[in-house]
Amino acid sequence: MRPLDQFLNLAATAITTAATGPALQAARRVADLLQTPPELAESYPATRLPVCDWLDTAYVTTRPDLAQALQALEPQLPWRTRPISSPDPRFPTSHASARILDPNGLEQRGGLLSGFSLVAPGVTYPEHNHPPEEIYLVLSGGEWWQAGGAWHAPGAGGIVHNTPGIGHAMRGTDVPLLAIWFLLPS
Ligand SMILES: [Fe+2]
(Lines give C-alpha, C1' and ligand atoms only; values in the text may rest on other atoms or scores of the structure.)
Protein backbone atom coordinates (compact mmCIF):
# COMPACT_ATOMS: atom_id res chain seq x y z
CA MET A 1 0.00 0.00 0.00
CA ARG A 2 1.21 3.52 -0.75
CA PRO A 3 2.48 5.43 2.32
CA LEU A 4 -0.18 8.13 1.76
CA ASP A 5 -3.03 5.57 1.75
CA GLN A 6 -1.60 3.81 4.78
CA PHE A 7 -1.39 7.04 6.76
CA LEU A 8 -4.81 8.37 5.70
CA ASN A 9 -6.54 5.05 6.47
CA LEU A 10 -5.13 5.13 10.00
CA ALA A 11 -6.00 8.82 10.38
CA ALA A 12 -9.60 8.27 9.22
CA THR A 13 -10.10 5.53 11.80
CA ALA A 14 -8.42 7.62 14.50
CA ILE A 15 -10.64 10.68 13.98
CA THR A 16 -13.91 8.75 13.75
CA THR A 17 -12.97 6.82 16.91
CA ALA A 18 -11.93 9.89 18.93
CA ALA A 19 -14.56 12.41 17.79
CA THR A 20 -17.80 12.94 19.72
CA GLY A 21 -20.81 15.24 19.30
CA PRO A 22 -20.73 17.65 16.33
CA ALA A 23 -17.10 16.71 15.63
CA LEU A 24 -18.18 13.13 14.93
CA GLN A 25 -20.38 14.20 12.04
CA ALA A 26 -17.46 16.15 10.53
CA ALA A 27 -15.07 13.24 11.15
CA ARG A 28 -17.43 10.83 9.35
CA ARG A 29 -17.60 13.22 6.38
CA VAL A 30 -13.80 13.32 6.28
CA ALA A 31 -13.64 9.51 6.38
CA ASP A 32 -16.22 9.26 3.55
CA LEU A 33 -14.40 11.81 1.37
CA LEU A 34 -11.11 9.96 1.91
CA GLN A 35 -12.72 7.00 0.12
CA THR A 36 -13.09 9.12 -3.05
CA PRO A 37 -10.82 7.92 -5.86
CA PRO A 38 -7.69 10.13 -5.89
CA GLU A 39 -7.15 12.69 -8.63
CA LEU A 40 -3.78 14.04 -9.64
CA ALA A 41 -2.55 17.30 -8.13
CA GLU A 42 0.12 19.73 -9.29
CA SER A 43 2.35 18.91 -6.40
CA TYR A 44 5.05 21.15 -5.03
CA PRO A 45 8.35 19.28 -4.91
CA ALA A 46 9.16 17.56 -1.64
CA THR A 47 11.15 19.86 0.63
CA ARG A 48 12.42 19.65 4.16
CA LEU A 49 12.93 22.78 6.28
CA PRO A 50 15.24 23.15 9.32
CA VAL A 51 12.20 23.19 11.66
CA CYS A 52 11.47 19.62 10.48
CA ASP A 53 14.28 18.50 12.79
CA TRP A 54 11.55 18.65 15.50
CA LEU A 55 9.62 15.84 13.81
CA ASP A 56 11.61 13.12 15.57
CA THR A 57 10.79 14.68 18.96
CA ALA A 58 7.12 14.94 17.99
CA TYR A 59 6.99 11.27 16.91
CA VAL A 60 7.90 10.16 20.45
CA THR A 61 4.32 10.90 21.53
CA THR A 62 2.60 9.92 18.26
CA ARG A 63 0.74 6.60 18.25
CA PRO A 64 3.40 4.16 16.97
CA ASP A 65 1.49 2.97 13.88
CA LEU A 66 0.71 6.57 12.84
CA ALA A 67 4.33 7.62 13.47
CA GLN A 68 5.61 4.73 11.36
CA ALA A 69 3.21 5.54 8.50
CA LEU A 70 4.13 9.22 8.67
CA GLN A 71 7.84 8.44 8.63
CA ALA A 72 7.28 6.39 5.46
CA LEU A 73 5.40 9.34 3.90
CA GLU A 74 7.88 12.00 5.04
CA PRO A 75 10.22 11.89 2.00
CA GLN A 76 7.28 12.95 -0.23
CA LEU A 77 6.13 15.89 1.86
CA PRO A 78 6.34 19.45 0.49
CA TRP A 79 7.04 21.37 3.70
CA ARG A 80 6.48 25.12 3.35
CA THR A 81 6.05 28.10 5.65
CA ARG A 82 2.70 29.92 5.74
CA PRO A 83 2.46 33.63 4.97
CA ILE A 84 0.62 34.41 8.21
CA SER A 85 1.88 37.37 10.24
CA SER A 86 3.09 36.94 13.80
CA PRO A 87 4.63 39.35 16.33
CA ASP A 88 7.13 36.59 17.19
CA PRO A 89 10.31 36.98 15.09
CA ARG A 90 10.96 33.23 15.52
CA PHE A 91 7.68 32.29 13.83
CA PRO A 92 8.77 32.28 10.15
CA THR A 93 11.47 29.66 10.81
CA SER A 94 9.64 27.84 13.63
CA HIS A 95 6.62 26.41 11.84
CA ALA A 96 5.96 24.43 8.68
CA SER A 97 2.98 23.08 6.82
CA ALA A 98 2.89 20.22 4.28
CA ARG A 99 -0.17 20.00 2.05
CA ILE A 100 -1.14 16.49 1.07
CA LEU A 101 -4.72 16.72 -0.27
CA ASP A 102 -4.79 19.95 -2.24
CA PRO A 103 -4.59 21.13 -5.87
CA ASN A 104 -0.91 21.79 -4.97
CA GLY A 105 -0.55 18.77 -2.69
CA LEU A 106 0.19 15.12 -3.34
CA GLU A 107 -3.29 14.46 -4.74
CA GLN A 108 -6.95 15.50 -4.46
CA ARG A 109 -9.92 13.63 -3.00
CA GLY A 110 -13.51 14.85 -3.19
CA GLY A 111 -12.70 18.51 -2.51
CA LEU A 112 -11.22 17.70 0.91
CA LEU A 113 -8.13 19.77 1.78
CA SER A 114 -5.56 18.31 4.15
CA GLY A 115 -2.05 18.83 5.40
CA PHE A 116 0.32 18.59 8.35
CA SER A 117 1.18 21.42 10.71
CA LEU A 118 4.37 21.50 12.75
CA VAL A 119 5.18 24.21 15.33
CA ALA A 120 8.42 24.32 17.34
CA PRO A 121 8.38 24.35 21.16
CA GLY A 122 7.49 27.70 22.72
CA VAL A 123 6.13 29.15 19.46
CA THR A 124 2.51 30.10 18.70
CA TYR A 125 0.80 29.67 15.36
CA PRO A 126 -1.30 32.87 15.45
CA GLU A 127 -5.05 33.14 15.51
CA HIS A 128 -6.66 32.67 12.12
CA ASN A 129 -10.01 31.60 10.72
CA HIS A 130 -11.44 30.25 7.49
CA PRO A 131 -14.90 29.48 6.14
CA PRO A 132 -14.46 25.67 5.86
CA GLU A 133 -15.21 23.47 8.86
CA GLU A 134 -12.00 21.86 10.12
CA ILE A 135 -10.94 18.74 12.00
CA TYR A 136 -7.43 18.31 13.39
CA LEU A 137 -6.05 14.98 14.50
CA VAL A 138 -3.41 15.83 17.09
CA LEU A 139 -0.27 13.72 16.64
CA SER A 140 1.90 15.08 19.49
CA GLY A 141 1.83 17.47 22.41
CA GLY A 142 1.07 21.17 22.10
CA GLU A 143 -1.87 23.36 23.03
CA TRP A 144 -4.91 24.64 21.16
CA TRP A 145 -7.23 27.58 21.51
CA GLN A 146 -10.60 28.59 20.09
CA ALA A 147 -12.33 31.97 20.36
CA GLY A 148 -14.29 32.06 23.60
CA GLY A 149 -12.34 29.20 25.15
CA ALA A 150 -9.14 28.50 27.08
CA TRP A 151 -5.86 26.98 25.89
CA HIS A 152 -5.97 23.21 26.30
CA ALA A 153 -3.90 20.16 25.40
CA PRO A 154 -5.91 17.47 23.58
CA GLY A 155 -2.87 15.15 23.61
CA ALA A 156 -1.80 12.76 20.86
CA GLY A 157 -4.86 11.10 19.35
CA GLY A 158 -7.12 14.00 20.37
CA ILE A 159 -9.40 15.93 18.04
CA VAL A 160 -9.86 19.65 17.52
CA HIS A 161 -13.06 20.66 15.71
CA ASN A 162 -13.29 24.19 14.32
CA THR A 163 -16.74 25.28 13.20
CA PRO A 164 -16.85 27.51 10.08
CA GLY A 165 -15.22 30.90 10.65
CA ILE A 166 -14.26 30.42 14.33
CA GLY A 167 -10.92 32.01 15.37
CA HIS A 168 -8.34 29.46 16.46
CA ALA A 169 -4.64 29.17 17.31
CA MET A 170 -2.15 26.54 18.45
CA ARG A 171 1.27 26.46 20.07
CA GLY A 172 4.21 24.26 20.87
CA THR A 173 4.80 23.99 24.60
CA ASP A 174 7.92 22.33 26.00
CA VAL A 175 7.39 19.90 23.09
CA PRO A 176 6.66 20.53 19.40
CA LEU A 177 3.12 20.50 18.05
CA LEU A 178 2.38 18.13 15.17
CA ALA A 179 -1.08 17.56 13.70
CA ILE A 180 -2.91 16.76 10.51
CA TRP A 181 -5.83 19.00 9.53
CA PHE A 182 -8.75 18.39 7.21
CA LEU A 183 -10.84 21.23 5.74
CA LEU A 184 -14.26 20.08 4.60
CA PRO A 185 -15.82 21.28 1.35
CA SER A 186 -19.02 23.25 1.97
FE1 LIG B 1 -7.27 26.26 10.74
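At most 12 heavy atoms of other shown residues, nucleotides or ligands fall within 6.0 angstrom of atom CD in Gln68. Dense packing is recorded around CD of Glu127, with more than 12 heavy atoms of other residues, nucleotides or ligands lying under 6.0 Å away.
Defined by atom type and a distance below 3.5 Å, a donor-acceptor pair is present between the side-chain atoms of Ser117 and Trp181. Using modelled atom types and a 3.5 Å distance limit, the side chains of Gln146 and Asn162 yield a donor-acceptor pair.
With hydrophobic clusters built from ILVMFWY side chains whose heavy atoms lie under 4.5 angstrom apart, Leu73 shares a cluster with Leu137. Placement of Val51 and Val175 in two distinct hydrophobic clusters is found when ILVMFWY residues are connected by side-chain heavy-atom separations under 4.5 Å, directly or transitively.
Between Tyr136 and Phe116, the distance from one ring center to the other does not fall under 6.0 angstrom.
Proximity of Trp144 to Leu177: side-chain heavy atoms (C-beta onward) are separated by under 4.5 Å at one or more points. Residues Val123 and Asp88 meet the side-chain proximity criterion, which asks for heavy atoms closer than 4.5 Å. The closest side-chain heavy-atom distance from Val138 to Pro154 is below 4.5 Å.
Contact check on Arg2 versus Glu107 returns a salt bridge, with a Lys/Arg side-chain nitrogen under 4.0 Å from an Asp/Glu carboxylate oxygen.
Taking both residues in full, the closest heavy atoms of Thr17 and Thr13 are given as OG1-O, 2.6 Å, listed atom of the first, atom of the second, then distance. Pairing each heavy atom of Arg90 with each of Ser94, the nearest pair is O-OG, 2.6 Å. Residue Ala18 comes nearest to Gly157 through the heavy atom pair CB-O, 3.5 Å, listed as atom of the first residue, atom of the second, then distance.
Pro78 is linked by a side chain to side chain contact (heavy atoms under 4.5 Å, CB included) to Tyr44, Arg80, Ala98, Leu106, counting only residues two or more places apart in sequence or in another chain. Glu143 meets the side-chain hydrogen bond (donor to acceptor under 3.5 Å, both in side chains) test with Arg171; sequence neighbours excluded.
In this structure a side-chain-to-backbone donor-acceptor pair under 3.5 Å is missing from Arg63 to Ala67. In this structure, Asn104 contributes its side chain and Glu42 its backbone to a donor-acceptor pair below 3.5 Å. Although no hydrogens or angles enter the test, the distance criterion places a donor-acceptor pair under 3.5 Å between the side chain of Gln108 and the main chain of Leu40. Checking side-chain atoms of His161 against main-chain N and O of Ile159 turns up no donor-acceptor pair under 3.5 Å. Arg29 contributes no side-chain N or O that, together with a main-chain N or O of Leu24, makes up a donor-acceptor pair within less than 3.5 Å. Here the side chain of Ser140 pairs no donor or acceptor atom with the backbone of Ala58 at under 3.5 angstrom. When atom types are taken as modelled, the side chain of Arg109 and the backbone of Leu33 share no donor-acceptor pair closer than 3.5 angstrom.
The distance from the OG1 atom of Thr20 to the CD atom of Gln25 is 12.5 Å, given to the nearest 0.5 Å.
In this structure, Trp145 and Trp151 have tilted ring planes: the angle between them lies in the 30° to 60° band. Ring pair Tyr125/His128 is perpendicular by interplanar angle, where above 60° counts as perpendicular and below 30° as parallel.
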